[in-house]
Amino acid sequence: ESAVEEWHGDGATILDLLTEQRSTLPFDSLVLATTNVPEASLAAELASSGLELHLIGDALATRQAPAAIFEGRRLGLRL
């Protein structure tokens with residue numbers, strides 16, 4: 001029930017979403033869990049190479065790891 005409102009490099013201002021109270025706490029690092037972003041730059045480079053190309057996982061579209069694992073297994077069995 002909290003959110004990081006501001007990162008200071010050595011700590012963060014934390015907002016309590018229930019009470020709207022702010023506190024500043026010391027931290028060594030900040031780890032973010034964000035939405036997936038497709039990463040297809042390598043595929044774009046290989047597209048004109050003439051090589052057989054198969055895209056799975058985030059190279060194809062954003063998805064969670066289990067879906068990418070399934071796609072990789074399915075492709076591997078098909079090849």
Side-chain angles (χ1 to χ4, degrees):
E1 305 292 332
S2 300
V4 175
E5 189 172 65
E6 186 177 355
W7 175 250
H8 307 286
D10 60 353
T13 301
I14 307 297
L15 172 64
D16 185 311
L17 299 173
L18 299 177
T19 66
E20 297 187 9
Q21 185 177 7
R22 288 171 177 78
S23 58
T24 301
L25 300 172
F27 295 103
D28 293 332
S29 58
L30 176 66
V31 177
L32 300 174
T34 63
T35 57
N36 295 355
V37 177
E39 175 50 67
S41 58
L42 180 58
E45 290 180 35
L46 292 174
S48 63
S49 70
L51 297 171
E52 185 176 349
L53 182 63
H54 302 275
L55 300 179
I56 63 166
D58 285 350
L60 184 58
T62 58
R63 49 193 28 55
Q64 294 184 347
I69 292 167
F70 170 77
E71 291 170 348
R73 178 170 167 65
R74 183 177 57 191
L75 176 60
L77 291 171
R78 194 172 61 209
L79 294 176

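- The side chain to side chain contact (heavy atoms under 4.5 Å, CB included) search around A12 returns V4, W7, I14, F27, not counting sequence neighbours.
- The stretch residues 26-55 participates, sequence neighbours left out, in no salt bridge (Lys or Arg N to Asp or Glu O under 4.0 Å) pair at all.
- The shortest heavy-atom contact between A40 and A59 is CB-O, 3.5 Å.
- Residues passing the side chain to side chain contact (heavy atoms under 4.5 Å, CB included) test with L53, sequence neighbours excluded: A43, L46, L55.
- For R63, the side chain to side chain donor-acceptor pair (under 3.5 Å) partners two or more places apart in sequence, or in a different chain, are E71.
- In the hydrophobic cluster analysis, where Ile, Leu, Val, Met, Phe, Trp and Tyr join through side-chain heavy atoms closer than 4.5 angstrom, L30 is grouped together with L25.
- Between A68 and I56, the shortest heavy-atom distance links the atoms O-CD1, 4.1 Å.
- In this structure, the separation between CD on E1 and CG on L18 is 4.5 Å, given to the nearest 0.5 Å.
- Both L51 and L60 are part of a single hydrophobic cluster, where members link through side-chain heavy atoms under 4.5 Å apart.
- Residues satisfying the salt bridge (Lys or Arg N to Asp or Glu O under 4.0 Å) test with R74, not counting sequence neighbours, are none.
- Evaluation of the salt bridge (Lys or Arg N to Asp or Glu O under 4.0 Å) rule for E5 yields R22 as partners, not counting sequence neighbours.
- Note that CD of E6 and CG of L15 are 12.0 Å apart. Values are rounded to the nearest 0.5 Å.
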